[in-house]
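What follows is a single structure, written as structure tokens, with notes after it.
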2 protein chains.
Amino acid sequence: MGSKTTLKDLARILEVSISTVSKALNDNPEISIETRNRIKQIAKSYKYVPNNIAQSLKSKSTKTIGVIIPAILLEFFSKVLYGIEVESTKRGYKIIICLSNELYKKESESIDTFINGSVDGIILSVAEETQKKKKHSHFQKIINYDVPMVMFDRVAKEIECDKVTVDDFEGAQKATKYLFKTGCENIVFINPISNISVGQLREDGYINAMQDLQLSPCVVNVDNYNLIEKELTELLQNKKIDGIVTADEYSAVLAINVARLNGYKIPDDISVIGFTNGLMAEYSIPSLTVVSQHAENIGKLAVKTLLDRIEGKSRKEPVHQIVRTKIIERNSTKKLN
Amino acid sequence: MGSKTTLKDLARILEVSISTVSKALNDNPEISIETRNRIKQIAKSYKYVPNNIAQSLKSKSTKTIGVIIPAILLEFFSKVLYGIEVESTKRGYKIIICLSNELYKKESESIDTFINGSVDGIILSVAEETQKKKKHSHFQKIINYDVPMVMFDRVAKEIECDKVTVDDFEGAQKATKYLFKTGCENIVFINPISNISVGQLREDGYINAMQDLQLSPCVVNVDNYNLIEKELTELLQNKKIDGIVTADEYSAVLAINVARLNGYKIPDDISVIGFTNGLMAEYSIPSLTVVSQHAENIGKLAVKTLLDRIEGKSRKEPVHQIVRTKIIERNSTKKLN
DNA sequence: TTGAAAGCGCTAACAT
DNA sequence: ATGTTAGCGCTTTCAA
């Protein structure tokens, strides 16, 4: 098992040239069928495996894509990642993952590890800090280095690249109107992620829907989950509320708990609808009606878009694709009947 | 931005040799400080970035590690992955991820994508199907190709390599004895993963503890989560039960629900303790007492072990490290007082 | 049908 | 202090 048989080794053993071996193993018809077989057999018996790095250097294609996500413990991202992996593998690509942990610095460093030729393209979702500070020169760098890139979910609008997002605006609209249809009129919106693009879009969608419905919007922005209990309790004491839409999943679960602590029944007194269809939504009691973003599909679509771009199947201009959300009805909202 | 400046380009522009440029950029003192600066400046203005693939080919080191996990939607694995990413990044390594989706074939293919020189080492946890069918020639291949490997959590005992596991046996023992201390005597064990190594170990730990306590064990093996409701309901009707230990997290949540549907109060009538400290445990009602495996630490430890091996800091013989579990007390069990 | 040679981009031992 | 050369392992054009 002395390590790594190379073409050179095989050539020496077989007493032919390196190029003959290479051609034979690649089934090049230039080489006679007998020699091909002889060479293949020896290659096999020596457990020859072509060195992928050398191939990449030669071909200038690594068949791998770099993925940068803000967090992997957020279920949404791990679902997207699942979609990315499935689709990449299907198309013969590997994936290298970097986590930005929501930090600009880590995101920027991850980009540096990717623009040195180690990947053929990049899929990323913007870190919270980056969006807060509105930085994007590091993204521009990717463009400047001609590395194909697809942004998903949290995107930087200043950057010209392919994008895959969710119709967050419309999703929140739908959620709000859904509550209205089940009889709610005093609907509040809880937003713990107003500083990231999707949080803002969801808030806007809610406000828009409320205006459409001739109702007055009421938005609760919180920096921090700990504040939800206090803010919501206060609100419940000062205001009639019969519906709550939240910009994420966790807030919805918290909202349910807070409402119950204040003596309200869910969904009889108050209906709650959250964003993101994850485990929490499924296992909370009552189970949570949510706006699902089809995370897995987003991942797959991002890969398709990127690979089409890499393989030159796309039009020149960047495309922005929007995945439609869908309401998953569970028990935290009244039935539509 | 015509793509990719190379050393050659810089050499031409600067009218020096390629090696001079290379040395200058690597701060080689052979090169005079003035030339170094001049070269660095030009390199910068041309946005030169060394090609990582070429460097890898030359150095025979990719600074990346390959990770193969059975699933990413299982929170345990995404937590381990988080630990892996954090530790790798800290030590200057990238990670390539493949998912086996619990399938032998995909696992085997993933191994093939890794033994061609694209990674310096492999971290993996064995797919369910692989464990069921007791296959391991593909793992042996990794060894034969001299690729350093660390197995974590679900390991193949036939393969001689570094391993990081959880003391599943002891964890289940502790859980069982914990229930006993809170007053339970009729404790059953629900096992939906008896076909994978850790499931078996947990079952054995439970049985051992019961015997120690002079109680008679009662194990419910299920192939499928759907069966839990039926099996447990039946059991509850025929047998006095005051404690349930499960081999995973989800079964515990189901067990709670089934017990409640049958009119039992948790934890007053029945205490429930699960394995894996995830979201479900935190958000179930009542919140679930669990045996935590310190997933993140497992990931970090796996990386440390692998890199120490790669960098030649380990003894020759494979080491098997065991991470101790810990009981996280929540509300599905009676207090120890 | 086979082989020689160049080159992918880089590093480094060895001249100069 | 700088340059020449060889070579990492592979592919591929061109020559024999």
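Here is the naming used below: chain letters follow the sequence lines, and residue numbers restart at 1 for every chain.
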Give the residues of residues 14-32 of chain B touching DNA chain C, defined as any heavy atom closer than 4.0 Å, sorted by residue number.
B/I18, B/S19, B/S22, B/K23, B/N26

Here the distance between atom C1' of C/dT11 and atom CG of B/N52, to the nearest Å, is 14 Å

Salt bridge check, A/K106 against B/E85: does any charged N sit closer than 4.0 Å to a carboxylate O?
yes

State, to 0.1 Å, how close A/K300 and A/E87 come at their nearest heavy-atom pair, and which atoms those are.
O-CG, 3.7 Å

Using whole Å, report how far NZ of B/K8 lies from P of D/dT4.
14 Å

Give me the ring orientation class for A/F76 and A/F152: parallel if the planes are under 30° apart, tilted from 30 to 60°, perpendicular past 60°.
tilted

Nearest whole Å is fine: how far is C/dC8 P from A/L57 CG?
9 Å

Hey, which of these two, B/L7 or A/K58, hits DNA chain C nearer its 5' end, going by closest nucleotide?
A/K58

Check every strand shown and say whether B/T35 touches a base, only sugar-phosphate, or nothing at a heavy-atom separation below 4.0 Å.
sugar-phosphate

Flag side-chain contact, heavy atom, 4.5 Å: A/C161 against A/F139
no

Does B/N26 use its side chain to pair, donor to acceptor, with the backbone of B/S22 at less than 3.5 Å?
yes

Check: A/I322 main-chain N/O paired with A/K163 side-chain donor or acceptor under 3.5 Å
no

Could you pick out which residue, B/S59 or A/Q55, lies toward the 5' side of DNA chain D when each is mapped onto its nearest nucleotide?
B/S59

Would you say the side-chain atoms of B/E296 pair up with the backbone N or O of B/G83, donor to acceptor, closer than 3.5 Å?
no

Between D/dA1 atom C1' and B/I39 atom CD1, what is the distance in whole Å?
11 Å

Between D/dT11 (P) and A/L10 (CG): distance, integer Å
12 Å

Give a yes/no on whether any side-chain N or O of A/K60 is located under 4.0 angstrom from OP1 or OP2 of D/dT11.
no

Atom-to-atom span, CZ of A/R12 to P of C/dG3 - whole angstrom
15 Å

Separation of D/dG9 P from B/I115 CD1 (nearest whole Å)
16 Å

